[in-house]
Amino acid sequence: MSWMKDQVILLTGGGSGLGLALVERFIAEGAKVGVLELSAEKVTALVHCFGKDICVIQGNVTSFADNERAVAETVRCFGKLDCFIGNAGLWDHKTSLLDASAEQIDKGFDELMGVNLKGYILGAKAALPALTASEGSMIFTLSSSSWFSGGGGVLYTASKHGAVGMIRQLAYELAPVIRVNGVAPCGMPSDLRGPATLSQQDKCITDSLPLESIGAALPLQFTPQPEDFTGPYVMLASRANNRTLTGVMITADAGLSIRGVRRITAGIMSPDKKGNSDDH
């Protein structure tokens, strides 16, 4: 039995990586899916791959009008909205406050926060009427950087910490009608890019974070693929399985949180290149 049959999901950033894996999983579970996607090429690919099971809207998550249009088109196509998933994001390739210029920090902040945090809030606002009508839910993609330093730079880490506060506040504000939760994956191979203001628009996550380093840092000692993270989203979106959860953030990080983002082998601290301890 599929718990998502006849449910309607709208997610942002569904053209590749985790977003694409979520589209595939929800459709396989029997749901209909709306997607707000920036890339025209990815919009075409999604329509070609999923046909009548998907409603794809080209637009920018930093635009409230585009978020409103995505909600309206999804409801027009499928009759309702049961769950909004804020997923579109940028990664800053560990840009350091020490190394970046003041201008880069200034402009990079606006671009990255615009997508990673403002985009979530605008999407939630746009989806609010439809989710109130259906007594639905919201889910937001977090990160191991929502709790730990070192998984990104100052901009990315700040944005993901901010998303934690946003989830808690929205869960408080929107109860008892709408449940609001988050899923925090660790690193994975994907097309996640950086801000254009930092000249990172053509640089994906694996250009800075080799696949072998992802798996080596995780206690479960494997490199997760995007599809490995979809289960918690399905559970949180399911009305049958998530009657009682709101303000919950599921850490899906292959055990990373039990020791943080830096690696300790066999309990022995290893010095980094600056001679400092790797232990937190």
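Side-chain atoms are counted along with the backbone in the values below, which use heavy atoms only and exclude waters and symmetry mates.
- Counting only distance, with no hydrogens or angles, the side chain of Asp253 and the backbone of Pro185 share no donor-acceptor pair below 3.5 Å.
- Between the Ser134 side chain and the Leu81 main chain, a donor and an acceptor come within less than 3.5 Å of each other.
- When Leu18, Val33, Thr230 are each tested for a side chain to side chain contact (heavy atoms under 4.5 Å, CB included) with Val23, only one passes: Val33.
- Of the residues listed (Glu111, Glu103, Lys107, Gln104), the one engaging Thr197 in a side-chain hydrogen bond (donor to acceptor under 3.5 Å, both in side chains) is Glu111, and it is the only one.
- Between Tyr156 and Asn116, the closest side-chain pair of non-hydrogen atoms falls below 4.5 Å.
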CA sep, side-chain torsions, deciding dist, call: Ile9, Leu22, side-chain contact (heavy atoms from CB on, under 4.5 Å): CA-CA 10 Å; Ile9 312 297; Leu22 288 169; over 6 Å; no
Start with the C-alpha distance between Asp66 and Ile57, add both sets of side-chain angles, then the distance that settles side-chain contact (heavy atoms from CB on, under 4.5 Å), and finish with yes or no. CA-CA 8 Å; Asp66 286 355; Ile57 301 90; over 6 Å; no
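- The two residues Ala130 and Val75 come nearest to each other via the heavy atoms CB-CG2, 4.3 Å.
- Of the possible polar contacts, none joining the Ser238 side chain to the Met235 backbone as a donor-acceptor pair under 3.5 Å is found.
- Proximity of Gln7 to Cys83: side-chain heavy atoms (C-beta onward) are nowhere separated by under 4.5 Å.
- The aromatic rings of Tyr120 and Phe140 lie tilted to each other, with the angle between the two planes from 30° to 60°.
- Remark: the backbone N or O of Gly136 is not paired with any side-chain donor or acceptor of Asp82 at under 3.5 angstrom.
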Step by step, would you call Asn181 with Asn242 a side-chain contact (heavy atoms from CB on, under 4.5 Å)? CA-CA 10 Å; Asn181 297 293; Asn242 186 18; 3.5 Å; yes
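- Using a distance-only test at 3.5 Å, with no hydrogens or angles considered, a donor-acceptor pair links the side chain of Thr12 to the main chain of Asn87.
- Nearest heavy atom pair, residue Pro195 against residue Asp92, reads CD-CA, 4.3 Å.
- The backbone N or O of Val234 sits nowhere less than 3.5 Å from a side-chain atom of Arg25 that would complete a donor-acceptor pair.
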With side-chain contact (heavy atoms from CB on, under 4.5 Å) as the criterion, how do Ile250 and Tyr233 come out once you've worked through the C-alpha distance, each side chain's angles and the decisive distance to 0.1 Å? CA-CA 9 Å; Ile250 296 176; Tyr233 290 86; over 6 Å; no
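- What you find for Pro224 and Phe229 is that their closest heavy atoms are CB-CZ, 3.4 Å.
- In terms of heavy-atom proximity, Asn67 sits nearest to Val61 at ND2-O, 2.9 Å.
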